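Inspection log for the structure reproduced underneath, given as structure tokens.
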Amino acid sequence: MEHSYQPRLLEQAIQQGWERQQTWRATEDTSRPKYYCLSMFPYPSGRLHMGHVRNYTIGDVLARYHRMKGFNVLQPMGWDAFGLPAENAAVKNATAPAAWTYSNIDYMRSQLRTLGFAIDWSREIATCKPDYYRWEQWLITRLLEKGLVYRKTGTVNWDPVDQTVLANEQVIDGRGWRSGALVEKREIPMYYMRITAYADELLADLDQLEGWPEQVKAMQRNWIGRSEGAEVRFDYAEGEGHLTVFTTRADTLYGATYVAVAAEHPLASEAAADQPALAAFIEECKRGGVAEADVATQEKKGMATGRHVIHPLTGARLPVWVANYVLMSYGEGAVMAVPAHDQRDFDFATQYGLPIHVVVQPADGPLELPLTEAYTAQGVLVNSEDFSGRPSEEARVKMATVLQALGSGAPRIQYRLRDWGISRQRYWGCPIPIIHCAQCGEVPVPEQDLPVVLPEDVVMDGVGSPIKKDAAFYTTTCPTCGGPAQRETDTMDTFVESSWYFARYACPDQTGAMLDQRANYWLPVDQYVGGIEHAILHLLYARFFNKLMRDVGLITHDEPFSRLLTQGMVLKDGAKMSKSKGNTVDPQALIEEFGADTARFFIIFTSPPEQSLEWSDSGVQGAFRFLKRVWALGQTLTDAAATTDTSTAALAAEAADATVRDLRREVHATLRQANYDMARQQFNTVASASMKLLNTIEKLHTAGAAAATREGFSILLRVLAPITPHLAEALWGRLALGGAVYDATWPTADEQALTRDQVELVLQVNGKLRGNLEVEATASREEIEALARTHPNVLKHLEGLTVRKVVVVPGRLVNLVAN
RNA sequence: GCGACUGUGGCGAAACUGGUAUACGCACGAGACUUAAAAUCUUGCGCCGUCAGGCAUGCGGGUUCGAGUCCCGCCAGUCGCACCA
């Protein structure tokens, strides 16, 4: 028998056993409740990083725990395999993105296997494979027919030197990352998905997601940004035409002193035609990237266009300004400015000497003039003709009605959410299944011609996408008229693949349809685990796709993820691990030195799952030390295993000893707490509990209580089974505790063992700790109070004072309030 | 700039509904075993104070018999902001 803990050998043997027995293979089974446990699939960047290890360890703990609780568990894994890094690597190493990606997948799969996750590998998918993305293309063609996919222009980052579109992360301080050239905004045609058509449902259904963190739901609500207000039409004072603005404060309409438009607004370019200074200013506004964080933090600037619009109620001529803080993508790209009641407008008006008209005042009196800041609260209207004297809320509604009667506006609901631009001008992505025909326009690729396969054997030269230069790819014939036509050469945003993979895991081998009935068995995902950085975009898009798939009749449920756990980042020296900072820890080296169980235990123990985790090499040592102690005690107990009597009678006989009884109570109290923590997903304290259990069991062992020791150890191994599955399984087998630990029943605390005759109370005088009191568990409030008043240290602190009140919290404390 | 979150010993953290602040670890000190070291085991460990006791959960207020926990206002850090995934 081997006595020292040798995790690598042990773990390999155990993993081979799982593979032989197909232990994690999941099949539909209506006799048990199902539990679909999903961790966000990785981008195959080359090697696993600690964030992956943490993510998948948390998911694995949940999967294994639920299996022991009697659930039919599915835990799949796959690869988010399209994306920009493969193109960058291809240019750098002169390889094809496909080859690089596949070799990364092979390596990372082997890494995942050494970590011992309970994954059903038979369901593995890679999104860059045609048998996956063909169904995404199929859905897009359906959505095109339904009008949920459409084409319009969108703004992108343009690098004028490299003549290419840049991702936001490739724009650094307003310059292209390779060329260093100043980036410009440019309008190009793109395909969009009409997510705004689902805005109300995406908002409303957040309320049914009880298993989601409140902060994620709050972020999604704010992102969707539903606001009720009014649209107001301003006719041009010079020439024909009008512009429309959206406002949530129609009550301040009489205070509008100018209108601001985005640099891309048609009126701006029209006015710039004969004004070189204005044209130059518009060019300046177009400099820099499209990222909202950059736009929002830049200095507020504007310039008068010389044009005016007519105020719909007063008929006044208001000047139109171009302002760099107005976004073309929100609303109509124009805002009415009310400096007296909007802080941003106030700042702008002050900067450029524009008038400030107060039209709302607090109910309790007029504002002091001149204003030093905008008055943004609600109030009572003034200087607003017939509306003067009305409260804001009432005036707002009335104003919209009056505008509507005049044909100058209407009540409107506006969303901050914009339609989802899915076109990318890149190679390594899913081809958009559309054919452009001079005769028939844009024609979806017919179902029988799908998939549109992305050629994998290409040369990346760093300038443009290979399929845009590949006539064999883009030359085709029109499916409608048979005439010569061209394929779309843009590919899709990789968020599209990750928006439905969770459903495909249910039936990855289905070649005749996107999904089949197995999806309705497994879905919705019972537990989704992934990084908080995905709180908005990925999760919103996946929710959207779930509803799209529902509405084409593929699935029946409304929401994809019933519960969500957003795990925190892995830090070292207080900073995110990254190559550039040189503070990475390689999971591979860690596993080779200490084994997967130590890595898993450390990660679970060190921080609660939702918080960031600070890496500590000595913490890893501590985890390893603990597992060695478990192993050592397990070895000792193995020898006595066969002869140990663990019957209720044997346990009762041992408990005649007060020390043993107290220790056994501690075991069950710790277990009760661990179960509570497991249920609320606070796994770090479950790991703590396993350490406390070992401490207590060692004392039981020293005390010679063989039955209680073995009972405690069998509890410990089951509590550890989800966290350190290899160690738990090996010792469970050696101690002959019956079957395999992953199929053992999850332990519950013995209520009998938890009962106690005496309880300890805390004594306080005026809220300050002054002593302790041991009383019978059955003692009454009066008895407790009487005892408390006789306690020497309490008497000392009551000297010269009169007790005014006595607070007794049963089982906890007595507080004597005196003065 | 906007939205969301976090802040407790030297360090990671615990404290369920407001009820003994610092569980469980790490680091460190002392001791045992050893020729020695490693490993292992035992033990101590918030700060100030000789004791009595006092002070401590980012900072400033408030509610309460009692606040790490609830409320208000600050400060610092982290995540997201639509073409990184």
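Quantities reported herein were computed from a predicted structural model and do not represent experimental measurements. Note on naming: letters A, B, ... go to the chains in the order of the sequence lines (proteins, then strands), and numbering restarts at 1 for each one.
- Here the C1' atom of nucleotide B/G25 and the CG atom of A/Asn684 are 11 Å apart, to the nearest Å.
- Within the 4.0 angstrom heavy-atom criterion, only backbone atoms of the sugar-phosphate kind lie near A/Arg812; the bases stay farther away.
- Applying the Watson-Crick and G-U wobble criteria (two distances, each under 3.5 Å), B/G53 pairs with B/C48.
- In terms of position along RNA chain B, the nucleotide closest to A/Ala689 lies nearer the 5' end than the nucleotide closest to the other residue of the pair A/Ala689 and A/Gln621.
- The residue A/Arg625 sits close only to the backbone: its heavy atoms come under 4.0 Å of sugar-phosphate atoms, none of a base.
- Residue contacts for A/Tyr325: at a heavy-atom cut-off of 4.0 Å it reaches no nucleic acid atom on any strand shown.
- The CG-P distance, from A/Leu627 to B/G25, rounds to 13 Å in whole Å.
- A/Tyr676 comes within 4.0 angstrom of a nucleotide base, judged by non-hydrogen atoms across all strands.
- One interatomic measurement links the two molecules: CG of A/Leu694 to C1' of B/C41, which rounds to 14 Å at whole-angstrom precision.
- Summarising the geometry, the separation between CG on A/Leu813 and C1' on B/G19 is reported as 4 Å, rounded to the nearest angstrom.
- In this entry the distance linking CD of A/Glu292 with P of B/A4 reads 15 Å, nearest Å.
- At a threshold of 4.0 angstrom between heavy atoms, the contacts of A/Asn793 are confined to the sugar-phosphate backbone, with no base atom among them.
- With contacts defined as side-chain heavy-atom distances shorter than 4.5 Å, the pair A/Arg416/A/Arg226 does not qualify.
- For A/Asn222 and A/Lys628, each mapped to the nucleotide of RNA chain B holding its nearest heavy atom, the one lying further toward the 5' end belongs to A/Asn222.
- Under 4.0 Å is where a charged nitrogen must lie from a carboxylate oxygen, and between A/Lys152 and A/Asp419 no such pair does.
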